[in-house]
Number of protein chains: 2
Amino acid sequence: MFGERGYVGGTTDAIARAAGISQAYVVRTFGSKESLFFAAGQRAADHVEAVFREVIEGFTGDESADERERRLGEAYGALVADRGVLLTLMHLFTLGHDTVFGPLARESFLRIYEIVRDDAHMSPEAASLFFARGMLINTLMGLRMPEVESDQPYAHELMFFGLGDKCHEIMESGTYALADAEAGRV
Amino acid sequence: MFGERGYVGGTTDAIARAAGISQAYVVRTFGSKESLFFAAGQRAADHVEAVFREVIEGFTGDESADERERRLGEAYGALVADRGVLLTLMHLFTLGHDTVFGPLARESFLRIYEIVRDDAHMSPEAASLFFARGMLINTLMGLRMPEVESDQPYAHELMFFGLGDKCHEIMESGTYALADAEAGRV
DNA sequence: GTCTATAGTTCGATAGAC
DNA sequence: GTCTATCGAACTATAGAC
């Protein structure tokens, strides 16, 4: 829900309805909406971190730089299937001005960047380009570009260069159904 | 204000205070908050489009592909000085699910992409990479990464590869002061 | 652990004066 | 054109029952 509507727009009522519980219980369980979003942001960043660490642990040490980047990119593409993770992070990354979420947002972003730089041993050029592609993918998800892709040649082109030749497979594996079904306004 | 807080978070009251007018007058002038954000999103996209068109009109026709990309990138870097434009667009791009703002968001994004592809004659690879870098810059703005950049070597690295050797000059030319001063919560 | 009911606040929009 | 005042809806959080 936060991935779809952001922090302010993701009401505890909509979250409760999606979870099939009462609004009061959502607040009571997490203490406040702020704590809930903080936990959701942390969880999303932890998930991306874990996925990257798993890929890196699979390295033998004699992969080329291109091969390391390819494998991390493939893992990121797989994350697209769960829209919520990447879109929640994207919303967190717009909260740099916030005294509570700003520090979490910057720490989360830099923590993952450090893993790519230090553990995956990617060069500054390669790492920044890797993150740039990731942010483009996030943006295309937020735009729901995959849904209109068939009508727009350039939309397809962007998805293709973001996700490679598996873009159709990846896109069709994910869905926004939960957020759509439970939210008032589609 | 919308660039800082997004559509839902940017209240008409905060907008009114920043503009030095009454909340009722904001709503009355634009009809509704929805119309106001729609106009703000259109204006931001129009501005980016106009900046790119101006750069392209300056082409003589015998620039290299790298040179065309360099000049467009420089123009985008200059846009960073006015945080509001790029951050408002970034928030618009998270509203793909919305029946009103979703079409506007996709049209705005693709309109600018078409200009880069067709008028600036950039290849699919170069254009998608150019947009990827742009989305990374937007994200770093949203994170307010420039403000902590001096403490974090990797934050500096990201800014540098996003904006080039002019990153300090560009960053210092912009400010979030307006949104900070007028909004309740900093 | 989970609910209903509701208090208290904030927000967008309207009414009406000047 | 612009304001003050205010209404009704939506939202977070709390109280209290089971």
Side-chain angles (χ1 to χ4, degrees), chain A residues 1-44 84 87-88 90-92 94-95 97-105 176 178-186, chain B residues 1-44 84 87-88 91-92 94-95 97-105 178-186:
Chain A
M1 198 58 68
F2 284 137
E4 199 75 18
R5 309 297 173 89
Y7 173 56
V8 190
T11 65
T12 54
D13 189 63
I15 291 165
R17 269 184 281 121
I21 55 180
S22 71
Q23 180 268 338
Y25 190 39
V26 170
V27 175
R28 197 158 184 107
T29 303
F30 289 88
S32 67
K33 181 182 173 179
E34 192 174 81
S35 301
L36 172 55
F37 184 73
F38 202 93
Q42 276 185 319
R43 178 184 274 263
L87 290 178
T88 297
M90 190 182 178
H91 273 110
L92 177 63
T94 68
L95 296 175
H97 65 94
D98 189 282
T99 53
V100 173
F101 300 120
L104 173 67
Y176 304 94
L178 183 128
D180 279 351
E182 301 294 341
R185 177 182 185 178
V186 179
Chain B
M1 200 57 68
F2 284 136
E4 199 75 19
R5 309 297 173 93
Y7 173 56
V8 190
T11 66
T12 54
D13 189 63
I15 292 164
R17 268 185 280 118
I21 56 180
S22 71
Q23 181 266 338
Y25 189 40
V26 170
V27 175
R28 199 161 184 104
T29 303
F30 288 90
S32 67
K33 181 182 172 179
E34 191 173 83
S35 301
L36 172 55
F37 184 72
F38 202 94
Q42 277 185 319
R43 179 183 274 261
L87 290 178
T88 297
H91 273 110
L92 177 63
T94 67
L95 295 175
H97 64 93
D98 189 282
T99 53
V100 173
F101 300 121
L104 173 68
L178 183 129
D180 279 351
E182 301 294 341
R185 176 181 187 178
V186 179

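Chain letters run A, B, ... following the sequence lines, proteins first, then strands; residues in each count from 1.
- Going from atom CZ of B:Arg5 over to atom C1' of C:dT10 covers 14 Å, rounded to whole Å.
- Mapping A:Gly10 and A:Arg28 onto DNA chain D by nearest heavy atom places A:Gly10 closer to the 5' end of the strand.
- Here D:dA15 presents its C1' atom at 13 Å from CD of A:Gln23, a figure rounded to the nearest Å.
- Summarising the geometry, atom CG belonging to A:Asp13 is positioned 9.5 Å from atom CD1 belonging to A:Ile15; distances are rounded to the nearest 0.5 Å.
- Distance A:Arg17 CZ to C:dC3 C1': 17 Å, rounded to the nearest Å.
- Considering only side-chain N and O atoms, B:Thr12 lies under 4.0 angstrom from the phosphate OP1 or OP2 of C:dG12.
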Test side chain to side chain contact (heavy atoms under 4.5 Å, CB included) on B:His97 and A:Arg5 and set out the steps. CA-CA 9 Å; B:His97 64 93; A:Arg5 309 297 173 89; 3.5 Å; yes
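- Atom CG in B:Asp13 sits about 10 Å away from atom C1' in C:dG12, given to the nearest Å.
- At a threshold of 4.5 Å between non-hydrogen side-chain atoms, the residues A:Phe37 and A:Val100 do not count as touching.
- At a threshold of 4.0 angstrom between heavy atoms, the contacts of A:Ser32 are confined to the sugar-phosphate backbone, with no base atom among them.
- Note: NZ (A:Lys33) to P (D:dT14) measures 15 Å, nearest angstrom.
- A straight line from CZ of B:Phe37 to P of C:dG12 spans 13 Å, rounded to a whole angstrom.
- For the pair B:Ile21 CD1 and D:dC3 P, the computed distance is 6 Å after rounding to whole Å.
- A cation-pi contact, defined as under 6.0 Å to the ring centre and within 45° of the axis, links B:Lys33 to B:Tyr7.
- D:dA13 atom P lies 11 Å from atom CD1 of A:Ile15, rounded to whole Å.
- Across the interface with DNA chain D, nearest-nucleotide mapping of B:Ser22 and A:Gly31 shows B:Ser22 to be the residue nearer the 5′ end.
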